[in-house]
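Whatever order the structure lists ligands and atoms in, that order sets their numbers, starting from 1. Bear in mind that the values here come from a model prediction, so they are computed numbers and not experimental data.
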Amino acid sequence: MEVDFDVAIIGGGPAGCACALALHGKGLKVALFEKEVFPRDKICGDAIPGSAFKAMYSISRNWGDQMTAFAKTTEINSISIFLDKTTVFKYRWKLFSYNSKRMDFDTFNFQLVRNETDTIIFENKPLQKIITEPNYYECSFLDGSSIKAALVVGCDGANSVVKRQLIKSDPSDRNPIAAIRAYYKGIEGIQSGYNEVHFIKGVEGYFWIFPLRDGWANVGFGVTKKRKQKSDSPTNIRKILEGVTQSPAFAGRFKNATQQGQLVGFGLPIWTKQRRICGDRFLLCGDSASLVDPAQGHGIDTAMWSGVIAAEQIISCFQATDFSAHFMTGYEKKLYKKIGGELSRSYFLMRLFTRFPFLMNVIGGVSLPQGLIDWLFRKLKI
Ligand SMILES: Cc1cc2nc3c(=O)[nH]c(=O)nc-3n(C[C@H](O)[C@H](O)[C@H](O)COP(=O)(O)OP(=O)(O)OC[C@H]3O[C@@H](n4cnc5c(N)ncnc54)[C@H](O)[C@@H]3O)c2cc1C
């Protein structure tokens with residue numbers, strides 16, 4: 001049976017674009033199907049981690065340079081973690097990174113795929129259904145059209161259709177962290193180059209202020225979801241964020257600030273354990289494979305690395321003419337070897353601080369030498 005495409009990538013976020021870029025020039029007919037039309041927004045903290053740049057450089061020096069130059073003016077090299085306005089940690093990292101609105105950053109990546117690869121792009125094309133045939137998949141879209149592909153890559157985010165249709169659901173697959181964000185202009189006391197994360201006594205969750213260009217900032221709040229509790233409902237989280245910005249600790253900084261656009265929320269598919277993320281003729285990348293770092297909430301870098309490693313696996317599959325689930329596990333092994341250890345450490349830390357929140361107070365009460373903080377962060381590869 002003739003297929004329409006060797007590879008169908010579903011979703012054009014960081015994972016899908018990295019996969020398409022890494023497949024460029026490998027002699028495969030690749031198509032990318034995206035639900036939205038770019039530029040499109042994505043709810044995020046907009047902090048593009050240093051490791052995301054490494055992933056792009058691993059594909060191409062030129063594309064790495066283009067990504068670096070794209071938002072150089074909002075370079076971020078430090079994080080300050082506060083407990084009730086007191087700085088608990090300050091950490092300066094070495095890898096280059098910046099903050100960029102996802103509307104802009106994702107469009108940059110998508111344009112790179114559009115302008116510099118042979119990928120055939122379909123926008124406004126939500127995948128609806130996948131039918132498994134012996135030697136290919138038939139993908140059907142909301143507009144009634146369908147295509148046949150030898151291999152499917154699920155890069156369609158936290159509510160992945162590919163995952164839901166090709167992998168038996170696991171109760172632990174729900175997105176365990178809920179977060180909201182809004183853009184603000186004119187917040188006072190923002191330090192250039194610094195991202196701020198705040199923990200507030202009596203408030204479960206964490207609050208962030210990440211500076212953007214032109215005096216804008218991404219302000220958000222995240223909380224761990226608990227079963228049978230209303231505390232993580234969008235209305236409640238919204239109230240908490242409003243309460244924080246109006247509290248005596250922050251009211252001064254927000255007094256001249258204006259909210260830009262809507263306050264919006266989304267779930268974070270954090271890493272909890274190694275799980276099945278591939279099978280006969282398919283692979284999952286990024287959020288669809290639950291690769292968000294549990295302690296820090298970043299997932300752009302892991303999404304891009306998974307796209308790169310998926311592309312390597314795809315090339316091996318075509319070279320060996322082997323698309324079996326067994327052969328495909330090479331992807332899981334390589335990916336988990338690269339990022340599994342780090343994500344497991346983060347999950348341990350997240351559970352430790354969620355279970356024993358007083359630890360924050362203990363750490364806050366002890367003034368640790370900066371050298372020890374740097375060593376700890378480096379050891380944890382933060
Ligand atoms: C509130 C919040 C704050 C965050 N902050 C940060 C941060 O500061 N730094 C960081 O690194 N990470 C952050 N993350 C995580 C980060 O946003 C994700 O890990 C990252 O976007 C994953 O990339 P992806 O390509 O896997 O998925 P996505 O970026 O979600 O891209 C998926 C793409 O697939 C498309 N799609 C979906 N369904 C279909 C379909 N049926 N058919 C076709 N296309 C489809 C979507 O339109 C989208 O373009 C945050 C997440 C949240 C929710």
Side-chain angles (χ1 to χ4, degrees), residues 8-20 31-53 55 76 79 97-103 105-107 109-110 113 121-130 139-143 152-165 175-182 195 197 205-206 208-210 212 218-223 234 237 241 263-271 277 284-294 296-307 310:
I9 300 172
I10 313 297
C17 286
C19 188
L32 193 159
F33 299 90
E34 165 56 46
K35 183 173 79 170
E36 310 279 342
V37 176
F38 277 81
R40 64 101 180 88
D41 199 9
K42 160 78 182 88
I43 301 168
C44 187
D46 299 335
I48 317 297
S51 174
F53 295 82
I76 300 291
I79 188 161
S97 71
Y98 55 55
N99 291 348
S100 169
K101 279 191 205 159
R102 289 291 297 276
M103 177 85 95
F105 178 74
D106 286 17
T107 303
N109 281 328
F110 200 75
V113 177
I121 292 180
F122 298 84
E123 286 174 272
N124 197 13
K125 202 84 171 165
L127 175 78
Q128 210 176 22
K129 198 170 173 197
I130 303 184
C139 303
S140 308
F141 301 91
L142 196 62
D143 60 6
V152 169
V153 196
C155 301
D156 47 343
N159 301 316
S160 170
V161 173
V162 180
K163 179 170 85 178
R164 268 187 277 135
Q165 301 217 354
N175 301 329
I177 293 184
I180 51 168
R181 75 104 172 96
N195 280 343
V197 175
Y206 57 97
W208 71 79
I209 302 175
F210 293 171
L212 294 161
N218 180 314
V219 175
F221 184 81
V223 67
I237 303 177
L241 181 63
L263 181 64
V264 280
F266 204 68
L268 271 87
I270 58 161
W271 161 282
I277 52 169
L284 300 178
C285 300
D287 278 10
S288 72
S290 300
L291 297 179
V292 173
D293 182 293
Q296 302 167 70
H298 61 84
I300 297 167
D301 49 348
T302 51
M304 289 179 72
W305 273 117
S306 63

Exercise for review: Would you indicate whether the side-chain heavy atoms of S51 and H298 approach each other to under 4.5 Å?
Suggested key: no
Review point. Taking the non-hydrogen atoms of K125, is any one of them nearer than 4.0 angstrom to ligand 1?
Key: yes
Revision key, fill the gap. Counting from 1 in the order shown, the ligand 1 atoms closer than 4.0 Å to a non-hydrogen atom of F33 are 43 (C), 44 (N)
Exercise for review: Please name the pair of heavy atoms, one in Q128 and one in L142, separated by the smallest distance, quoted to 0.1 Å.
Suggested key: NE2-CD1, 3.0 Å
Review point. Can you tell me if P126 has a non-hydrogen atom under 4.0 Å from ligand 1?
Key: yes
Check your understanding: So is there a nitrogen or oxygen of G45 less than 3.5 Å from a nitrogen or oxygen in ligand 1?
Key -> yes
Review point. What residue and heavy atom of the protein are closest to atom 14 (N) of ligand 1, and at what distance?
Key: G297 O, 3.3 Å
Practice item. Take every heavy atom of R181, measure it against each atom of ligand 1, and state whether any distance is under 4.0 Å. Key: no
Review point. Got N99 and N218 here, is their nearest side-chain heavy-atom distance under 4.5 Å?
Key: no
Check your understanding: Nearest protein heavy-atom contact for atom 25 (O) of ligand 1: which residue, which atom, what distance?
Key -> A15 N, 3.0 Å
**Study point:** N/O separation below 3.5 Å, R40 to ligand 1
**Key:** yes
Review point. Can an N or O of L268 be found at a distance shorter than 3.5 Å from an N or O of ligand 1?
Key: no
Review point. Which of the atoms in ligand 1, numbered in the order shown and given with their element, are less than 4.0 Å from a heavy-atom of A179?
Key: 1 (C)
Check your understanding: Considering only heavy atoms from C-beta outward, does the side chain of V197 approach that of Y206 to under 4.5 Å?
Key -> yes
Practice item. Indicate, as side chain, backbone, both or neither, the part of S160 found under 4.0 angstrom from ligand 1 when only non-hydrogen atoms are considered. Key: neither
Study note, to complete from the structure: For atom 44 (N) of ligand 1, the closest protein heavy atom turns out to be K35 N, 3.0 Å
Practice item. Give the residue and atom name of whichever protein heavy atom lies nearest to atom 26 (O) of ligand 1, and the separation in Å to one decimal. Key: D287 N, 2.9 Å
Exercise for review: Find all atoms of ligand 1 within a distance of less than 4.0 Å from any non-hydrogen atom belonging to C155, and give their numbers and elements.
Suggested key: 32 (C), 33 (C), 34 (O)
Check your understanding: Got an N/O contact under 3.5 Å between I48 and ligand 1?
Key -> no
Point to revise | Test item: D143 and K125 side chains (from C-beta on) under 4.5 Å apart, heavy atoms | key: yes
Exercise for review: Can you figure out which of I300, V162, D156 has its heavy atom closest to atom 38 (N) of ligand 1?
Suggested key: D156
**Study point:** Heavy atom of the protein closest to atom 34 (O) of ligand 1 (residue, atom name, distance)
**Key:** G11 CA, 3.3 Å
**Study point:** Option nearest atom 23 (O) of ligand 1 (shortest heavy-atom distance, choices P14, G220, G12)
**Key:** P14
Revision key, fill the gap. The closest protein heavy-atom partner of atom 49 (O) of ligand 1 is E34 OE1, 2.7 Å
Check your understanding: Are any non-hydrogen side-chain atoms of F141 and N124 less than 4.5 angstrom apart?
Key -> no
Exercise for review: With the side chain counted from C-beta on, respond yes when I121 and E34 share a heavy-atom pair under 4.5 Å apart, and no when they do not.
Suggested key: no
Review point. With backbone taken as N, CA, C and O and side chain as the heavy atoms from C-beta onward, which portion of A303 lies under 4.0 Å from ligand 1: side chain, backbone, both, or neither?
Key: side chain
Check your understanding: Under 4.0 Å from any heavy atom of K42, which atoms of ligand 1 are there?
Key -> 17 (O), 21 (O), 28 (P), 29 (O), 30 (O)
Study note, to complete from the structure: Sorted by chain and number, sequence neighbours left out, side-chain hydrogen bond (donor to acceptor under 3.5 Å, both in side chains) with D156 holds for S160
Check your understanding: ligand 1 versus I180, non-hydrogen atoms closer than 4.0 Å: side chain, backbone, both, neither?
Key -> neither
Review point. Under 4.0 Å from ligand 1, counting heavy atoms only, is it the side chain of H298, its backbone, both or neither?
Key: both
Revision key, fill the gap. For G13, the ligand 1 atoms with a heavy-atom partner under 4.0 Å come out as 25 (O), 31 (O), 33 (C), 49 (O)
Check your understanding: Which part of Q128 is near ligand 1, with near meaning a heavy atom under 4.0 Å away: side chain, backbone, both or neither?
Key -> neither
Review point. Going by the order shown, which atoms of ligand 1 are within less than 4.0 Å of some heavy atom of E36?
Key: 47 (O)
Check your understanding: What protein heavy atom sits nearest atom 41 (N) of ligand 1, and how far away is it?
Key -> L127 O, 3.2 Å
Check your understanding: Judged by atom type as modelled, is there a donor-acceptor pair below 3.5 Å linking the side chain of R181 to the main-chain atoms of I43?
Key -> no
Check your understanding: Where does I10 meet ligand 1, judged by heavy-atom distances below 4.0 Å: at the side chain, the backbone, both, or neither?
Key -> side chain
Review point. Within the structure, does G299 bring an N/O atom to less than 3.5 angstrom of an N/O atom in ligand 1?
Key: yes
Review point. Is any N or O atom of V161, backbone or side chain, closer than 3.5 Å to an N or O atom of ligand 1?
Key: no
Exercise for review: For the pair Y98 and F53, name the ring-plane relationship: parallel under 30°, tilted 30 to 60°, perpendicular over 60°.
Suggested key: perpendicular
Practice item. Flag the pair V292 / P269 as yes when at least one side-chain heavy-atom distance between them is below 4.5 Å, and no otherwise. Key: yes
Review point. With a 4.0 Å heavy-atom cut-off (strictly under), which part of V292 contacts ligand 1: side chain, backbone, both or neither?
Key: side chain
Check your understanding: Once the angle between the rings of F38 and F110 is folded into 0 to 90°, is it parallel (under 30°), tilted (30 to 60°) or perpendicular (over 60°)?
Key -> parallel
Check your understanding: Under a 4.5 Å cut-off applied to non-hydrogen side-chain atoms, are F105 and K42 in contact?
Key -> no
Check your understanding: For atom 17 (O) of ligand 1, what's the nearest protein heavy atom and its distance?
Key -> R102 NH1, 3.0 Å
